[in-house]
Amino acid sequence: MISLIRPAYDFLVKFAKKTFGLRQKEADLAQSEADAAEASRLEEAEIRRKARIIARTEAAAGRAVGVDVAAIAQGRPLDFSQDAFLGAWFVSLNSDPKKLTEKFEKTTNLEMLNAYRATCGEVLICQEHPEQAGDFIRGQRSIEAVAELRGFDLDTGGHDPSKAKNKALAARHSDQLSEPIKVVRTDHQRQRQRGD
């Protein structure tokens with residue numbers, strides 16, 4: 001009788017082990033999907049945090065906050081396509097140099113400054129997406145190179161043709177941010193205060 005039951009018993013044990021193995025694989029897959037979803041949620045939260053920092057910084061400096069950065073900071077769905085980042089410049093590896101040169105020829109210094117600020121913001125936002133970040137980094141570096149050729153300071157918004165590496169470009173594009181108003185005190189007499 002044992003010899004008759006043994007093959008069926010062995011078959012049932014193998015079937016149970018296989019079923020348990022499949023269930024374990026399903027549980028492992030579900031856990032890895034949950035881990036990936038949590039990592040994605042944390043990444044999205046970090047991107048939104050960076051967007052809020054950029055928006056606060058731009059608003060504190062009195063500059064307009066980009067529509068895309070404001071949308072990300074406010075919690076709207078994230079879209080990492082290049083069309084979603086308005087104002088930012090991206091340069092892909094297969095970009096046509098002639099078209100890029102024409103684009104820079106038509107762009108004024110102040111337009112380039114706005115594009116540079118937007119592009120720098122997108123570089124920070126897209127750090128976890130290297131395929132988009134690489135295009136924005138190339139765009140940022142291109143703007144920096146052209147600004148250096150023109151003698152345009154991207155930090156201050158000032159234009160100094162004497163620092164330009166290409167005098168023709170410096171003469172063609174000479175717009176800059178206006179100088180801040182300086183208040184000069186003409187009365188050097190010390191003001192009296194209570195208790196003096």
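- You'll find the side chain of F136 stays beyond 4.5 Å of the side chain of C120, heavy atoms only.
- Both L110 and Y116 belong to a common hydrophobic cluster when Ile, Leu, Val, Met, Phe, Trp and Tyr are linked at side-chain heavy-atom distances under 4.5 angstrom.
- With a 4.5 Å cut-off on side-chain heavy atoms, E111 and T108 count as touching.
- A salt bridge links R49 with E46: the distance from a Lys NZ or Arg NE/NH1/NH2 to an Asp or Glu carboxylate oxygen falls below 4.0 Å.
- When only modelled atom types and interatomic distance are considered, T156 and D153 share a side-chain donor-acceptor pair under 3.5 Å.
- Considering every non-hydrogen atom in both A88 and T119, the closest pair reads CA-OG1, 3.5 Å.
- In terms of heavy-atom proximity, A164 sits nearest to L149 at CB-O, 3.4 Å.
- Atom OG1 of residue T101 and atom NZ of residue K99 lie 12.5 Å apart, to the nearest 0.5 angstrom.
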Please test K163 against E148 for salt bridge (Lys or Arg N to Asp or Glu O under 4.0 Å), starting from the C-alpha separation and ending with a verdict.
CA-CA 8 Å; K163 294 181 180 178; E148 190 175 350; over 6 Å; no
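- Within 6.0 Å of atom NZ in K167, more than 12 heavy atoms from other residues, nucleotides or ligands are found, so the atom counts as buried in its surroundings.
- Counted by atom type alone, N166 and R150 present zero donor-acceptor pairs between their side chains at under 3.5 Å.
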_Evaluate E44 against R41 for salt bridge (Lys or Arg N to Asp or Glu O under 4.0 Å), listing each step before the verdict._
CA-CA 5 Å; E44 187 172 318; R41 187 189 66 75; over 6 Å; no
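- Formation of a donor-acceptor pair under 3.5 Å by the N109 side chain with backbone atoms of H173 is found in this model.
- In this structure, CD in E43 is found 5.0 Å from CD1 in I47, a value given to the nearest 0.5 Å.
- Contact check on K25 versus D28 returns no salt bridge, with no Lys/Arg side-chain nitrogen under 4.0 Å from an Asp/Glu carboxylate oxygen.
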What's the verdict on side-chain contact (heavy atoms from CB on, under 4.5 Å) for W89 and F104, showing C-alpha distance, side-chain angles and the deciding distance?
-> CA-CA 11 Å; W89 285 11; F104 277 115; 3.1 Å; yes
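- Contact between M112 and V146 at its shortest, heavy atoms only, is SD-CG1, 3.8 Å.
- Note on ring orientation: taking the six-membered ring where Trp is involved, the planes of F152 and H159 are tilted (angle from 30° to 60°).
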- Task: Apply salt bridge (Lys or Arg N to Asp or Glu O under 4.0 Å) to the pair R117 and E58, showing each step before the final yes or no.
- Result: CA-CA 9 Å; R117 288 176 177 161; E58 291 293 305; 5.2 Å; no
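- Side chain of S95 to backbone of V91: no donor-acceptor contact under 3.5 angstrom is found.
- When atom types are taken as modelled, the side chain of T107 and the backbone of K103 share a donor-acceptor pair closer than 3.5 angstrom.
- More than 12 non-hydrogen atoms from other residues, nucleotides or ligands lie less than 6.0 angstrom from CZ of R172.
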